[in-house]
Amino acid sequence: MSVLVYIENTEGKFKKSGFEVLSYAKTIANQLNTNLIALSIGNVADDDLKSLGNYGADKVLTVNHQNLKSFVNQAYSAIIAQAAKNSDASVVVLSNSFTGKGLAPRIAVKLQAGLADGAISLPDMADGKFIVKNNVFSSKAIAFVEITSAIKVLALMPNAYKVVETGGQATVENFDYQANESDFKTIIKEIVKASDKVSLPDAEIVVSAGRGLKGPENWGMIEELAALLGAAVACSKPVSDAHWRPHEEHVGQTGITVSPNLYIAIGISGAIQHIAGVSSSKIIVVINSDANAPFFKVADYGIVGDAFELVPQLIAAVKALKS
Amino acid sequence: MKILVCISNVPDTTTKITFTDNNTQFNTQGVQYILNPYDEIALARAVELAENEQGTVTVLHVGDANADATLRKALAIGASDAVRINAQPTDAYFVASQIAAYAQDKGFDMILTGRESIDYNGTKVAAMLGEMLDIPSVSITKKITIEGNTGILEREIEGGKEVLAIPFPFVAGTAEGVADWKIPNMRGIMSARTKPLLVVEPIEVQGLSKIVKFESPASRTSVQLIDASEVGKLIDLLQSQGFLKN
Ligand SMILES: Cc1cc2nc3c(=O)[nH]c(=O)nc-3n(C[C@H](O)[C@H](O)[C@H](O)COP(=O)(O)OP(=O)(O)OC[C@H]3O[C@@H](n4cnc5c(N)ncnc54)[C@H](O)[C@@H]3O)c2cc1C
């Protein structure tokens, strides 16, 4: 038996969400009294692979073929499922990232395994059961999902588990998988990077603005504040509908769900559909000129005032602090 | 071109979420159901593509007769025919298995789902279907166009997007940006009444997971208001909580 964890890389580098997934999986492996095997696909330097030991991996499997340099959903899920079978894994863990969301269901079907996606807790294994919590009804409720199959697949919500360094060592091994030509039908034509900005789903801090900002020309101060805080930029739906900002930044029930440590909402009223996508943020700060804006009801800190005065003051205060 | 759009019937976005039976069942009392917003844009895009390519759009729902009004709305928006697999869904695996069993020998070029349903929020059915039918899947799709027998899809990735070329058949879960919502017109509503709605009996499938309990999220303590003349206080508070690193 073992626990297998898949660690994504971006251009050869592991990300924080990968270490979160490792730390989470390590705790599960400890609960089950078994080994943690980490799998990496693509071109990653040996030292980086070895470093996974420091987050709890006992063994690291690596697959690095020419045709796996970029992400191919079907081929990657086939490899992960094969590695799970070879290592006799009873639990397979991934990140609930955009990529993980595409992989986990395919892996679950291949392994005839139940899937808990967006997991926000460790499994409760009391009485021989296996129960994991996740957010449902757009974070208006939490479900306790019991997985009833022999093998379990878990996709961990970003920012839901703390990274723990164990100081451990891992051995690195090549993993030979059987390629299947039909797994390579999808061709990547182009990868468009939205510059070097902080990516929204992984962000620890999000600065978000709404229709209160009046027009796209006023987002300069939002971007400046975000850059100072190392934050990602987000917006409400009407803002992206009006093409003031790209759809990728739209958060809420019909946009991206975020759960950063800090969410700063500026000129957003706090409609139920907006809150649904941000309510699992740890701290919420609201800046709105209307003291009765519903967003204040779910905020930790609030300032009633004009964004056009307050945001430049915030920027100045952060700058003063940093210098 | 044959397109299948899988739709779910979900509580309206303003629904107050409560539970019954010792917090084991969602309380459907007084709840208004709507076509899942993500499925609605999948359908809108499917109708646009079918118009350009002289194709057909079939909408499919796994569930009971309560969803027939939602299926009729989908027909009014422009689907050619509707199918309801008459079963109470237990988990995403169950739903995907039912759809796969139906779609298997129908020759669909493209199967669309919403990226997630706004009730259980799994992004699962599209990729599960892809696996069951052994065809490519894209779980979060921002754009779909067609070039001959190939779909050109934009997939959302952290910090950007990927443009993919995928030969028919494939499955795609649609997100905002794929199409604008379509409001049915009078002609659509009239013709929806006479379009076929086929009810199919389910296959035998065992779910692999189940929800055993619900809980409400911890409510926040009330907001601490900071005066607009003391913005620095907010920064101090955030710094004391470790948010402002140098
Ligand atoms: C099916 C459905 C799905 C939806 N999904 C989403 C979703 O995913 N995400 C989403 O965001 N919305 C969603 N909505 C829309 C949602 O209901 C609201 O309409 C939307 O969130 C409002 O955006 P807003 O707060 O930016 O704009 P408004 O509601 O117009 O609020 C603007 C706010 O700015 C404040 N303001 C104005 N001027 C200033 C100033 N100078 N300084 C400070 N504050 C100022 C105002 O007091 C007001 O509170 C959805 C709606 C439906 C029906």
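Atom set for the values below is all heavy atoms of this structure, side chains included, hydrogens, waters and symmetry mates excluded. The structure displayed is predicted, hence computed values, not measured ones. Here is the naming used below: chain letters follow the sequence lines, and residue numbers restart at 1 for every chain.
A donor atom on one side chain and an acceptor atom on the other are found under 3.5 Å apart for A/Asn73 and B/Ser137. Under the 3.5 Å distance criterion, with hydrogens and angles disregarded, a donor-acceptor pair is assigned to the side chains of A/Gln273 and B/Thr13.
In terms of heavy-atom proximity, A/Gln313 sits nearest to B/Val231 at OE1-CG2, 3.2 Å. When every heavy atom of A/Ser182 is checked against every heavy atom of B/Asp134, the shortest pair comes out as OG-OD2, 4.4 Å. The shortest non-hydrogen separation linking B/Leu208 to A/Ala113 is CD1-O, 3.4 Å. Shortest non-hydrogen contact noted between B/Pro217 and A/Ala141 is CD-CA, 3.9 Å.
Both the backbone and the side chain of B/Ser209 come within contact range of chain A, with heavy atoms under 4.5 Å apart. Heavy atoms of B/Tyr120 lying under 4.5 Å from chain A belong to its backbone as well as its side chain. Contact of B/Leu225 with chain A is made through backbone and side chain together, with heavy-atom distances under 4.5 Å. The contact between B/Phe19 and chain A is made entirely by side chain atoms (from C-beta outward), counting heavy-atom distances below 4.5 Å. Only the side chain of B/Leu238 comes within contact range of chain A, judged by heavy atoms closer than 4.5 Å. The part of B/Ile235 that comes within reach of chain A is its side chain, from C-beta onward, which places non-hydrogen atoms under 4.5 angstrom from that chain. The part of B/Ile17 that comes within reach of chain A is its side chain, from C-beta onward, which places non-hydrogen atoms under 4.5 angstrom from that chain. Using a 4.5 Å cut-off between heavy atoms, B/Leu234 contacts chain A through its side chain alone, with no backbone atom that close. Only the side chain of B/Ile152 comes within contact range of chain A, judged by heavy atoms closer than 4.5 Å.
Within the 4.5 Å cutoff, the side chain of B/Glu162 has no heavy atoms near those of the A/Val192 side chain. Here the side chains of B/Ile157 and A/Ile191 are in contact, with some heavy-atom distance below 4.5 Å. Contact check for A/Thr10 versus B/Glu158: no side-chain heavy atoms found under the 4.5 Å cut-off.
A/Lys110 and B/Glu131 are joined by a salt bridge, as a carboxylate oxygen and a charged side-chain nitrogen come within less than 4.0 angstrom of each other.
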>> Checking A/Asp241 against B/Glu176 for the side-chain contact (heavy atoms from CB on, under 4.5 Å) test, could you report, in this order, the C-alpha distance in whole Å, the side-chain angles of both residues, the deciding distance, and whether it holds?
In response: CA-CA 9 Å; A/Asp241 283 349; B/Glu176 279 262 306; 3.9 Å; yes

>> Go through it in stages, so that I can follow the logic: the residues are A/Lys101 and B/Arg115, the test is side-chain contact (heavy atoms from CB on, under 4.5 Å), and I'd like the CA-CA distance, side-chain angles, deciding distance and then a yes or no.
In response: CA-CA 10 Å; A/Lys101 283 177 179 175; B/Arg115 63 171 280 182; 3.5 Å; yes

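Formation of a donor-acceptor pair under 3.5 Å by the A/Arg106 side chain with backbone atoms of B/Met128 is not found in this model. No donor-acceptor distance shorter than 3.5 angstrom exists from the side chain of A/Tyr301 to the backbone of B/Val223, with no hydrogens or angles considered.
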